[in-house]
Amino acid sequence: MKRIYIIIATLIVAASLGIFLLNRKSHAPAHNTTTHAHHTAAAQTDVQTPPTFDMQQYSLTDPTSPWVIVNKQRPLSPKTYSPSDLVVPSIPLRSNITSTEQYVRKQTATALEAMVAAAKQAGITLNLQSGYRSYNFQVTLYNRYVQQQGQAVADTQSARPGYSEHQTGFAADLGGTSQPSCNVEACFGDTPEGKWLAAHASEYGFIIRYPADRDSTTGYVYEPWHVRYVGTELAAEMRAKGVATLEDFFGTGNAASY
Ligand SMILES: [Zn+2]
């Protein structure tokens, strides 16, 4: 009997050592393996391994995180959250835009400025229709929708206060100049501005947050004008994998309703 225990103990030690060595190898800094790639066969294998995407790099719940997921199942925490670094981006603004909607977070502003400048180079003029919306602004907006259309219809078009991505400062509704009547309408997706945005938003760290026919997942119908800043790394990864929604990418579940 004693011999069996010794064999089991030996196996456990051997397995632990194996796991330890494997971990060491996978955590080895990339520049080491690149520099010494020609030295050993093992190092060459490392060089060929594509870098893995770190799914836990940023919080999905912290409202200051560029990866925060806000939907009908995931309100902001706290619901009255307000970003501390709101600025007005140096891009064209809708002529009658309200004072609060001109703002977005600093990171969002920098990315918007780069994207709108690149669009301009391609002969496309984008403007900001709506950026940041405070909790109180959303109270007024949502109540107006409810009064006009009833709560059921209002919930498909306007977020309840504390549930709007616009409150994070990472979201922006963009419009164009070629067909102003399509601004903040589904037909924006067919305009040159909408097409350019769909093709290039990810290069600047944005996703089209509410793709067509995905309301059972996101809770909203197609909004080709609503972009969400998530950073270039995540936007590129979602595009490469062909995953259109944050809910699907991170597996947080459907958010069709409250
Ligand atoms: Zn929007």
Worksheet entry | Aromatic plane relationship, Trp67 with Phe250 - under 30° parallel, 30 to 60° tilted, over 60° perpendicular | tilted
Worksheet item: Given Ile208 and Trp225, is the side-chain contact (heavy atoms from CB on, under 4.5 Å) satisfied, shown in steps?
Response: CA-CA 7 Å; Ile208 306 293; Trp225 63 85; over 6 Å; no
Discussion item. Show every disulfide bond (SG atoms under 2.5 Å apart) that has at least one partner inside residues 206-258, sequence neighbours left out.
Written reply: none
Discussion item. For the aromatic rings, using the six-membered ring if either is Trp, is the centroid distance between Tyr210 and Tyr220 under 6.0 Å?
Written reply: yes
Discussion item. Show, in sequence, the C-alpha distance, side-chain angles and deciding distance for Phe206 and Phe170, and conclude whether the ring pair (Phe, Tyr, Trp, His ring centres under 6.0 Å) test is met.
Written reply: CA-CA 9 Å; Phe206 291 97; Phe170 287 127; 9.7 Å; no
Discussion item. Taking the six-membered ring for Trp, are Tyr163 and Tyr258 closer than 6.0 Å centroid to centroid?
Written reply: yes
Practice prompt. Kindly write out the residues that satisfy side-chain hydrogen bond (donor to acceptor under 3.5 Å, both in side chains) with Glu165, not counting sequence neighbours, or none if the list is empty.
Written response: Arg209, His226, Arg228
Discussion item. List the residues meeting side-chain hydrogen bond (donor to acceptor under 3.5 Å, both in side chains) with Glu203, not counting sequence neighbours, and say none if there are none.
Written reply: His200
Worksheet item: Pairs in or reaching into residues 173-197: which pass salt bridge (Lys or Arg N to Asp or Glu O under 4.0 Å), with residues at least two apart or in two chains?
Response: Arg133-Asp173
Worksheet entry | Steps toward side-chain contact (heavy atoms from CB on, under 4.5 Å) verdict (Tyr142, Asp155) | CA-CA 8 Å; Tyr142 178 74; Asp155 279 340; 2.7 Å; yes
Worksheet item: If you link I, L, V, M, F, W and Y whenever their side-chain heavy atoms are under 4.5 Å apart, who else ends up in the same group as Tyr145?
Response: Phe137, Leu141
Discussion item. Does this structure show an ion pair linking Glu101 with Arg94, if we count only N-O contacts that are shorter than 4.0 Å?
Written reply: yes
Response to the item:
Across all chains, not counting sequence neighbours, the side chain to side chain contact (heavy atoms under 4.5 Å, CB included) partners of Ala119 are Ile124, Leu126, Trp196
Discussion item. For Arg160, run the side-chain contact (heavy atoms from CB on, under 4.5 Å) check against Gln151, Lys79, Lys72 and tell me which one passes.
Written reply: Gln151
Practice prompt. Quick one: pull up CG in Asp215 and OG1 in Thr245 and give me the separation to the nearest 0.5 Å.
Written response: 11.5 Å
